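Reminder, nothing fancy here: chain letters follow the sequence lines and each chain counts from 1. All figures in this text were calculated on a predicted structure; none of them were measured in a lab.
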Protein chains: 2
Amino acid sequence: MPGPTPPHTPNAAGKGPLSYAIFQLARAHRAHAATMLRAMNLHPGQELLLMQLFDRDGQTQAELLEHAGLDHSTVSKSLRRMQDAGLLTRQPAPHDRRVMVVHLTDAGRALQQPITDMWHTLEQISVRDLTPEQVDLFTTWARQIETSLRDHNRQTSAG
Amino acid sequence: MPGPTPPHTPNAAGKGPLSYAIFQLARAHRAHAATMLRAMNLHPGQELLLMQLFDRDGQTQAELLEHAGLDHSTVSKSLRRMQDAGLLTRQPAPHDRRVMVVHLTDAGRALQQPITDMWHTLEQISVRDLTPEQVDLFTTWARQIETSLRDHNRQTSAG
DNA sequence: ACCGATTATGTGGCTGGCCAAGTATTTGTG
DNA sequence: CACAAATACTTGGCCAGCCACATAATCGGT
């Protein structure tokens, strides 16, 4: 350590505790998910689209991105990579050749159990030091904060 | 809408409520921050490094990335872009030419008040529907979950 | 039937973020 | 003093994610 490490007022808790906590929690959560997903040759975010397909196969991209809440370009590129990886197929719908219907392949379906297990493990690790009641409250408040942010962002950015 | 929108069991709350909530909250939070940061020609994540420099100018990259918890390559590239934007300078330390000391420029310092205001606004929006006690609990639990994830990730990925 | 508006998706470009590999400098050890 | 190891940072590569723009196809009004 080169510097004498001066007392520079470590106010990490004083510069926006909530926002800082959200940011760091999300990063830790994503990092851990990434670690487990790499064992299945997946990248963070892909498992959300796959789980949506496990829930109901043959959805269109528009349906998938609505549930995931992502940008359509993000979904488009992510699906193309998973298609290249042999996890799913995309075929234009017969009645409307604009929409692309996404179907899982056998290789994609084979990931259902591993992903489900991974997700379950991630949940258990996350809640290890909390009671079920605390987890329930935490989730409820997280959704409330999310709603507040979305509502205000609508007012601010777009009319 | 082409499809008849069949009842496909919208169990968004049944596939990992906590992880899903964390993911969505983080995305909403980041999106709102991005909206406000664009008015200052900044990108999400850059404000964290700048705030660290507001707290103490002249830190090394190693110090900055330790506080932010980011990868060293991420910090290196982000700092280079902010340097190109004229917000800061990077100069090798005289006693150890490996370390790069980061200093704010006038343009960088000029962002202190806007970023502080933005952060404060973001906090107020986030906690709109919660009491201070609830926010305090939420933050505490968020840190606990983060700690659990980090601890377990250490055991799993690196021995 | 035509032509503009809407919808669904694709592409390019940029940044954030991580990993892996590389470079330069300092430190530690024989 | 020489040389390996550790340190601080850079670069390349890849994917997620967003915006803006482009493309294709359907819908709608006249």
Side-chain angles (χ1 to χ4, degrees), chain A residues 1-3 23-24 26-38 41-50 59-66 68-85 90-102 153 157-158, chain B residues 1-3 23-24 26-35 37-38 41-50 59-66 68-85 87 90-102 153 157-158:
Chain A
M1 257 174 272
F23 182 82
Q24 294 295 343
R27 260 186 12 92
H29 184 265
R30 179 190 177 84
H32 203 304
T35 297
M36 291 193 282
L37 285 170
R38 270 207 301 178
N41 287 317
L42 286 179
H43 296 271
Q46 295 184 343
E47 86 280 10
L48 289 176
L49 294 173
L50 288 176
Q59 294 188 56
T60 68
Q61 286 191 202
E63 292 173 310
L64 290 173
L65 72 87
E66 183 186 358
L70 299 169
D71 190 82
H72 62 271
S73 64
T74 301
V75 174
S76 178
K77 292 170 184 171
S78 187
L79 287 177
R80 186 179 58 74
R81 290 188 181 111
M82 286 193 278
Q83 182 182 21
D84 294 346
R90 286 185 299 168
Q91 299 209 338
H95 62 289
D96 188 339
R97 285 183 317 211
R98 291 174 303 181
V99 315
M100 296 290 273
V101 181
V102 184
N153 205 18
S157 63
Chain B
M1 249 174 275
F23 181 84
Q24 292 296 343
R27 259 184 15 90
H29 184 265
R30 179 190 178 86
H32 202 305
T35 298
L37 285 170
R38 270 208 302 177
N41 287 316
L42 286 180
H43 296 270
Q46 294 184 343
E47 87 279 10
L48 289 175
L49 294 172
L50 288 176
Q59 295 189 55
T60 68
Q61 287 191 200
E63 292 173 310
L64 289 173
L65 71 89
E66 183 186 358
L70 298 169
D71 190 84
H72 54 270
S73 64
T74 301
V75 174
S76 179
K77 291 171 184 172
S78 188
L79 287 177
R80 188 179 57 75
R81 290 186 182 114
M82 287 193 278
Q83 182 181 23
D84 294 345
L87 300 179
R90 288 185 298 167
Q91 300 207 338
H95 61 288
D96 188 339
R97 285 183 317 210
R98 290 173 303 179
V99 314
M100 295 291 272
V101 181
V102 183
N153 206 17
S157 65

Q: Can you tell me the distance, in whole Å, between the CG atom of B:Leu64 and the C1' atom of D:dA8?
A: 13 Å
Q: Verify the contact: side-chain N or O of B:Thr74 to OP1 or OP2 of C:dG16, cut-off strictly under 4.0 Å; return yes or no.
A: no
Q. Once you round to the nearest 0.5 Å, how far does CD of B:Gln61 lie from CZ of B:Arg98?
A. 13.5 Å
(Q) Are B:Leu42 and B:Leu50 packed together at the side-chain level, in the sense that at least one heavy-atom pair is separated by less than 4.5 angstrom? (A) yes
Q | Residue closer to the 5' end of DNA chain C, A:Ala31 versus A:Gln61 (nearest nucleotide) | A | A:Gln61
Q. Using a cut-off of less than 4.0 Å, is there contact between a side-chain N or O of A:Arg27 and OP1 or OP2 of C:dG16?
A. no
Q.
It should be established whether A:Ser73 places a side-chain nitrogen or oxygen under 4.0 Å from OP1 or OP2 of nucleotide D:dC18.
A. no
Q | Separation of A:Arg81 CZ from A:Asp84 CG (nearest 0.5 Å) | A | 9.0 Å
Q: Send over the distance from A:Gln83 CD to C:dG10 C1', rounded to a whole Å.
A: 13 Å
Q: Check the distance between C:dG17's P and B:Met82's CE and give it to me in whole angstrom.
A: 10 Å
Q. Between A:Pro92 and A:Arg97, what is the shortest heavy-atom contact and its length?
A. CB-O, 4.0 Å
Q | side-chain N/O A:Gln46 vs D:dC15 OP1/OP2, d < 4.0 Å | A | no
Q: Could you pick out which residue, A:Pro94 or A:Lys77, lies toward the 5' side of DNA chain D when each is mapped onto its nearest nucleotide?
A: A:Lys77
Q: Would you mind telling me which residue lines up with the more 5' stretch of DNA chain D, A:Gly69 or B:Arg80, judged by nearest nucleotide?
A: B:Arg80
Q. The side chain of B:Arg30 lies closest to which of these nucleotides: D:dA16, C:dG16, D:dT10?
A. C:dG16
Q.
Any donor-acceptor pair, under 3.5 Å, between the side chain of A:Arg98 and the base of C:dT7, if you only look at N and O atoms?
A. yes
Q: Please determine, for the side chain of B:Met100, which listed nucleotide (D:dC9, C:dC18, C:dT9) has the closest atom?
A: D:dC9
**Q.** Side-chain N or O of B:Arg90 closer than 4.0 Å to phosphate OP1/OP2 of D:dT10
**A.** yes
Q: Take atom NE2 of A:His95 and atom C1' of D:dC27, then tell me their distance rounded to the nearest Å.
A: 14 Å
Q.
Do A:Glu63 and A:Val102 make a side-chain contact, defined as non-hydrogen atoms from C-beta onward lying under 4.5 Å apart?
A. no
Q: Mind calculating the distance between CG (B:Asp84) and C1' (C:dT15) to the nearest angstrom?
A: 13 Å
Q. Is the shortest side-chain N/O distance from A:Ser78 to OP1 or OP2 of D:dA16 below 4.0 Å?
A. yes
Q) What is the distance from CG of B:Leu70 to C1' of C:dC18, rounded to the nearest Å? A) 10 Å
Q: Could you state the atom-to-atom distance from CG of B:Asn41 to C1' of D:dC18 in whole Å?
A: 16 Å
Q | Residue met sooner reading DNA chain C from 5', once B:Gly45 and A:Ser76 are mapped to nucleotides | A | A:Ser76
Q) Base, sugar-phosphate, or nothing: which does B:His72 touch, judged by heavy atoms less than 4.0 Å apart? A) base
